[in-house]
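Only this structure's heavy atoms are used, side chains among them; waters, hydrogens and symmetry mates stay out. Protein chains get the first letters and strands the later ones, always in sequence-line order, with residue 1 at the start of each.
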2 protein chains.
Amino acid sequence: MSTDSTRTAILNAAERLYAERGFGDVTLRDIVAEAGVNLAAVNYHFGSKDELIAELFVSRSLATNRERLNELKAAESAGGGRAPIDAVLRALVGPTLRGCLGPDKQRSDAARFMIRASIEAVAPIRKIKNREIDHLRRFAAAMRRSLPGLPDVEIYWGLHFALAMAHQTIRDSERLERLSDGKCDLDDVDGMIERIVAVSVLALGGNAATDAGDTKPAARRGR
Amino acid sequence: MSTDSTRTAILNAAERLYAERGFGDVTLRDIVAEAGVNLAAVNYHFGSKDELIAELFVSRSLATNRERLNELKAAESAGGGRAPIDAVLRALVGPTLRGCLGPDKQRSDAARFMIRASIEAVAPIRKIKNREIDHLRRFAAAMRRSLPGLPDVEIYWGLHFALAMAHQTIRDSERLERLSDGKCDLDDVDGMIERIVAVSVLALGGNAATDAGDTKPAARRGR
DNA sequence: GATAGTTTCATACAAGCGTTTGAATTGCAA
DNA sequence: TTGCAATTCAAACGCTTGTATGAAACTATC
């Protein structure tokens with residue numbers, strides 16, 4: 001217990017700082033100061049800075065992926081193995097968006113860290129990142145089940161656009177807020193998710209897809 | 001002249017390396033090696049590394065913005081002051097996408113550099129970046145002229161989503177290519193632009209907007 | 001062709017980085 | 001308690017970074 005309190009203090013501090021400032025500006029000395037531990041503790045517990053980052057990334061991406069797949073499975077089993085497309089997309093972008101922009105501070109750091117990691121592509125992460133492709137393939141497969149007639153290439157573009165909108169919204173929420181003079185409500189996470197899901201459904205060929213009582217046009221107020 | 005041949009050699013080398021590897025991994029020594037000049041030349045001609053980056057960013061963003069506004073103006077004056085919404089969006093995302101993924105090497109470096117700059121947000125750039133908001137406001141205004149009835153908040157979300165798709169496509173084109181096993185053709189830049197424009201138009205409330213000769217639907221549904 | 005002003009060059013510098021070290025401290029079993 | 005392993009700590013290491021320096025090489029005007 002007290003054994004790895006130092007370990008987890010380092011992990012949390014690193015995650016918080018990386019999430020906030022990115023990988024470029026955060027040194028080991030910043031991390032240990034934030035964690036309130038000695039400088040050498042990082043190398044003692046993790047071996048090197050790169051291994052710290054890698055461990056952080058692996059554990060967090062496993063958590064995010066698990067959350068996504070849980071939502072997906074729930075939706076698919078509710079629909080007898082075939083979820084409506086909007087539910088699939090919601091399972092894809094929901095966990096990340098709720099994590100980044102929701103109220104939970106701990107999850108917020110984790111989600112923001114993942115966004116940073118997906119963008120800045122620092123060396124130790126680049127090598128592990130290939131696994132994400134496999135994870136996304138499972139969503140591509142689920143989308144294919146939801147939209148049986150749709151050519152594969154459209155599935156991939158739709159998936160790509162959905163992630164693009166979700167990530168950019170997190171990454172540059174500040175710009176959107178300033179650009180819109182606060183008119184775009186970034187605290188309404190659920191509304192935002194629905195907005196992104198709705199646009200993605202349209203991108204995939206519109207409302208013809210599912211039963212989906214109310215896939216309304218994207219350009220409606222949130223929710 | 002021979003006077004600023006060193007200057008421009010440094011600028012080009014820096015742009016190329018930053019575009020390729022990001023800001024974190026490129027040192028002044030890398031840049032001067034690529035440019036074939038002496039290490040001290042950077043400080044002699046630019047004063048500091050930060051000022052080099054800032055000058056690069058300012059000059060390139062002016063060029064990109066000019067290109068966008070030219071396209072916008074051409075479209076608006078062709079329509080008597082009011083361009084169809086797809087033309088406005090095309091002027092917004094076209095220059096960057098053509099720059100990044102097109103065949104022109106020089107422009108490619110410039111556009112990729114701008115994407116990096118918009119993501120990694122290194123210190124010297126962060127301060128200047130506010131101007132981009134003003135530039136985007138001009139596009140928001142043009143979109144408002146194209147879609148007079150639409151609430152402002154929808155305009156901003158549409159603008160945001162359009163940029164999100166364009167940027168993510170550039171940034172992570174490799175992932176999309178691998179995910180789709182090469183089925184998504186990333187060499188067809190014009191097709192890609194039309195795809196993003198079409199989805200953005202849908203996001204803004206559907207096809208009701210323009211004549212829009214042959215904006216083929218983003219996704220051809222099976223039926 | 002001598003001179004003054006630019007520009008280039010090799011080299012050095014201080015600061016910050018990740019990492020290592022070896023001694024001090026702690027926790028726990030016998 | 002004593003003994004031993006695990007952990008923490010202050011200090012230093014070697015290396016790379018951006019920057020500064022002063023001499024050398026160039027360019028152009030007279």
Side-chain angles (χ1 to χ4, degrees), chain A residues 1-58 113 116-117 120-128, chain B residues 1-58 113 116-117 120-128:
Chain A
M1 217 43 180
S2 86
T3 284
D4 49 22
S5 82
T6 302
R7 253 186 81 91
T8 61
I10 292 173
L11 283 171
N12 288 336
E15 181 171 67
R16 220 185 68 71
L17 290 179
Y18 284 140
E20 186 175 313
R21 296 202 241 141
F23 294 97
D25 299 343
V26 176
T27 71
L28 277 191
R29 284 169 175 82
D30 293 334
I31 294 173
V32 297
E34 173 86 9
V37 304
N38 187 269
L39 174 59
V42 172
N43 287 277
Y44 177 78
H45 285 283
F46 297 93
S48 71
K49 186 191 190 187
D50 282 4
E51 290 173 88
L52 164 62
I53 294 180
E55 168 153 350
L56 206 45
F57 179 74
V58 167
F113 169 83
R116 291 276 193 191
E120 298 191 18
V122 73
I125 288 182
R126 226 170 310 172
K127 301 162 188 168
I128 320 171
Chain B
M1 298 289 267
S2 84
T3 284
D4 48 22
S5 81
T6 302
R7 254 186 80 92
T8 61
I10 292 173
L11 283 171
N12 289 336
E15 180 171 67
R16 220 185 69 71
L17 292 179
Y18 284 140
E20 186 176 311
R21 297 201 240 140
F23 293 97
D25 300 341
V26 177
T27 71
L28 275 192
R29 285 168 174 81
D30 293 334
I31 294 173
V32 298
E34 172 88 9
V37 304
N38 186 269
L39 173 60
V42 171
N43 286 279
Y44 177 77
H45 285 282
F46 297 93
S48 71
K49 186 191 189 186
D50 282 4
E51 289 173 88
L52 163 63
I53 294 180
E55 169 153 348
L56 206 46
F57 178 75
V58 167
F113 168 83
R116 291 277 192 192
E120 298 191 19
V122 73
I125 289 182
R126 225 170 311 172
K127 301 162 189 168
I128 320 172

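- Straight-line distance from the NZ atom of B/Lys49 to the P atom of C/dA15: 19 Å, rounded to whole Å.
- A/Phe23 and A/Phe113 have their aromatic ring centers within a separation under 6.0 angstrom.
- If you take CD1 of B/Ile10 and P of C/dT7, they are 12 Å apart, rounded to a whole angstrom.
- Position along DNA chain C of the nearest nucleotide to A/Gly47 versus A/Asp25 favours A/Asp25 as the more 5'-ward residue.
- At whole-Å resolution of the value, CZ in A/Arg7 and P in D/dT8 are 12 Å apart.
- Checking side-chain atoms of B/Arg21 against main-chain N and O of B/Val26 turns up no donor-acceptor pair under 3.5 Å.
- Atom CD of residue A/Glu20 and atom CG of residue A/Asp30 lie 10.5 Å apart, to the nearest 0.5 angstrom.
- Between the CG atom of B/Leu28 and the P atom of C/dC9 there is a distance of 16 Å, given to the nearest Å.
- Residues A/Val26 and B/Ala40 each lie close to DNA chain C; by heavy-atom proximity, the contact nearer the 5' end of the strand is made by B/Ala40.
- Salt-bridge formation is detected for the pair A/Glu55/A/Arg7: a Lys NZ or Arg NE/NH1/NH2 atom is positioned less than 4.0 Å from an Asp or Glu carboxylate oxygen.
- Rounded to whole Å, atom P of C/dT7 lies 18 Å from atom CG of B/Leu39.
- Taking only side-chain nitrogens and oxygens, B/Asn43 never comes nearer than 4.0 Å to OP1 or OP2 of D/dG18.
- With hydrogens and angles left out, the side chain of A/Arg29 and the base of C/dG18 share a donor-acceptor pair within 3.5 Å.
- The distance between atom CD1 of A/Ile31 and atom C1' of C/dG18, rounded to the nearest whole Å, is 11 Å.
- For the atom pair CD (B/Glu51) and CD1 (B/Ile53), the distance works out to 11.0 Å, reported to the nearest 0.5 Å.
- For the pair A/Thr6 and D/dT8, the criterion of a side-chain N or O lying under 4.0 Å from OP1 or OP2 is met.
- Here B/Asn38 does not reach the OP1 or OP2 of C/dT7: none of its side-chain N or O atoms lies under 4.0 Å away.
- In this structure, OH of A/Tyr44 is placed 9 Å from C1' of D/dT8, rounded to the nearest angstrom.
- Atom CG of B/Asp30 is separated from atom C1' of D/dG18 by 13 Å (rounded to the nearest Å).
- Between B/His45 and the phosphate of C/dT8, there is a side-chain N or O to OP1/OP2 separation shorter than 4.0 Å.
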